[in-house]
Participant: 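I'd like to ask you about the structure that follows.
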Amino acid sequence: MSEAGGTAVAFERKGYGRGLILGLTMAETMLLLVFCLLLAAGAIIAKKQKEAAEAQKIAQSLKQESRKLDEENKRLLAQLNEMVKPATGRNLPDQQWRELVLAKENIESIKKAGLSVEEAVKQAPVTRVLSDNDVDVDQAKAMIERTKVLKEFGYAGTAKTFKDLSDALKKADEPMVAKPHDWPPIISLSELDGYNFDTGSAELSDRFRTRLRDLSKTIAGIATSYGVDVIEVIGHTDEQAMSGQLSNMDKGLQPVLARKVEVGTLHPADNAGLGLARAISVTSILRDMPELKGFTILPMSGGQLILPGDHLTDGAQAGDVKARRRIEIRVRQRSRETDLAPAGGSKS
């Protein structure tokens, strides 16, 4: 009996031990897990509550800031009304307030564009004319540049209104039938007008190049108007003697004309050579202008022989004379008597 009872107790103890986890029963273990989950949930809830509280504070702060801005706006409007009311006898309506704000923004835009309000008001009629004629900024700039060239050679001097100027520009582009004894004008690019070369040099300055490009449309317009196909570029000098260096013009001309070397490689030894080198330099620019495609452009030299006005010198005007240092551009019809054009048939 005692042995059997002892065996039953031992068996129960063994079964009880199987339900223990770290010394805890299954029920106690479940309670512990539930407790841990509650702690984690509490921590999460506390964090979310903290975040909500901070968001609420931010919203409250923004609301207060908005309220302050509204109050400041009302205060400024009240101050403005106080200044306006004595003069007008009434308060400033909201619409006028908005117009004042818009006017302030427009003034700031004008200043950012580099103009003063006075300048903008002064230029307003010009802006209105351009707008009425559907002319944008780029078109206006192009018209100004062309007008400068036309005025320089007497083609737009009579234009008094925008319409007159527009008609003059259109007329310069339109072909005209040449009248008997109506000879093409000669375009003279003199040092007196800022068409300068360095002393003894044939190289063009950047400003000279730019002005030649602007002039190409005028040259094309004259040549087309008179139905001619040859453009002569003639270099003239004064009578100051050259330094006496050896010339390479005989060997150097063709490589320069073929654009294998720059014009600066030419070394004229006399004024005749210098005039030709300068004419070649101008010709090289004009040949690249799309308006002059199809025309034959010939460089020539008048040296020091021909005075302005087409008179031969008598040698009495020796020295530094700017008026004599010039490039003349003339247009004419090609001679048909003898045609010795090269095999390539180049027009320019």
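As the structure is a prediction and not an experimental result, all values here were calculated from the model. In this chain, residues are counted from 1 in sequence order.
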Participant: Any idea which heavy atoms bring His311 and Pro308 closest together, and the distance?
Facilitator: CD2-O, 4.2 Å
Participant: Apply side chain to side chain donor-acceptor pair (under 3.5 Å) to Asn196 and list each qualifying residue two or more places apart in sequence or on a separate chain.
Facilitator: none
Participant: Considering residues at least two apart in sequence or located in another chain, which fulfil the side chain to side chain donor-acceptor pair (under 3.5 Å) criterion with Glu239?
Facilitator: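 Scan of Glu239 (side chain to side chain donor-acceptor pair (under 3.5 Å), adjacent residues dropped) gives Thr313, Arg324.
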Participant: Report the residues that fulfil side-chain contact (heavy atoms from CB on, under 4.5 Å) with Arg207, sequence neighbours left out, ordered by chain and then residue number.
Facilitator: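 Applying side-chain contact (heavy atoms from CB on, under 4.5 Å) to Arg207 gives Ser205, Arg211.
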Participant: Apply side-chain contact (heavy atoms from CB on, under 4.5 Å) to the pair Leu286 and Ile219, showing each step before the final yes or no.
Facilitator: CA-CA 10 Å; Leu286 297 181; Ile219 299 172; 4.2 Å; yes
Participant: Mind checking what makes salt bridge (Lys or Arg N to Asp or Glu O under 4.0 Å) contact with Arg332, not counting sequence neighbours?
Facilitator: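 Listed in chain order: Glu232.
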Participant: Around Glu51, counting heavy atoms of other residues, nucleotides and ligands shown, do more than 12 lie under 6.0 Å from its CD?
Facilitator: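 Yes.
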Participant: Just to verify, what does Ser190 make a side chain to side chain donor-acceptor pair (under 3.5 Å) with, not counting sequence neighbours?
Facilitator: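 Applying side chain to side chain donor-acceptor pair (under 3.5 Å) to Ser190 gives none.
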Participant: Return a table of donor-acceptor pairs under 3.5 angstrom between the side chains of residues 42-50 and protein atoms on other chains or two or more places apart.
Facilitator:
none

Participant: Heavy atoms only: give me the nearest Tyr226-Pro185 pair and the separation to one decimal.
Facilitator: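 Scanning both residues completely, I find the closest heavy atoms to be CE1-CD, 4.0 Å.
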Participant: Checking Ser281 side chain against Glu203 main chain: does a donor-acceptor pair fall under 3.5 Å?
Facilitator: no
Participant: Any sub-3.5 Å donor-acceptor pair from Ser61's side-chain atoms to Lys57's backbone N or O?
Facilitator: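 Flag not set: sc Ser61 to bb Lys57 has no pair under 3.5 Å.
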Participant: Please find the pair of heavy atoms, one from Gln304 and one from Asn271, that lie closest to each other, and give the distance.
Facilitator: OE1-CB, 3.4 Å
Participant: Does the Ser66 side chain pair with the main chain of Leu62, one donor and one acceptor, at a distance under 3.5 Å?
Facilitator: no
Participant: For Gln333, does its backbone N or O pair with a side-chain atom of Asp229 as donor and acceptor, under 3.5 Å?
Facilitator: no
Participant: Only counting residues at least two apart or in another chain, list the ones meeting side chain to side chain donor-acceptor pair (under 3.5 Å) with Gln240.
Facilitator: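 With sequence neighbours excluded, Gln240 shows a side chain to side chain donor-acceptor pair (under 3.5 Å) to Asp238, given in chain and number order.
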Participant: Could you note down all residue pairs passing salt bridge (charged side-chain N to carboxylate O under 4.0 Å, His left out) where residues 295-322 supplies at least one of them, sequence neighbours left out?
Facilitator: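 Counting only pairs at least two positions apart or across chains, the salt bridge (charged side-chain N to carboxylate O under 4.0 Å, His left out) contacts touching residues 295-322 are Asp310-Arg330, Asp320-Arg325.
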Participant: Are Glu291 and Ser216 linked by a side-chain donor-acceptor pair shorter than 3.5 Å?
Facilitator: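 Distance-only check passes for Glu291 and Ser216.
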Participant: Ion pair present between Glu328 and Arg326, side-chain N to carboxylate O less than 4.0 angstrom?
Facilitator: yes
Participant: Output all residues satisfying ring pair (Phe, Tyr, Trp, His ring centres under 6.0 Å) with Phe197, sequence neighbours left out; order by chain, then residue number.
Facilitator: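 Applying ring pair (Phe, Tyr, Trp, His ring centres under 6.0 Å) to Phe197 gives Phe208.
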Participant: Hey, can you pull the donor-acceptor pairs under 3.5 Å for the side chains in residues 272-280, sequence neighbours left out?
Facilitator:
from, atom 1, to, atom 2, distance (Å)
Arg278, NE, Ser201, O, 2.8
Arg278, NH2, Asp198, O, 3.2
Arg278, NH2, Ser201, O, 3.2

Participant: List in chain and number order the residues that pass salt bridge (Lys or Arg N to Asp or Glu O under 4.0 Å) with Arg259, two or more places apart in sequence or in another chain; answer none if no residue qualifies.
Facilitator: Asp288
Participant: Give the table of side-chain donor-acceptor pairs shorter than 3.5 Å for residues 260-268, with sequence neighbours excluded, one pair per line with atom names and distance.
Facilitator:
from, atom 1, to, atom 2, distance (Å)
Thr265, OG1, Glu262, O, 2.6
His267, NE2, Thr265, O, 3.4

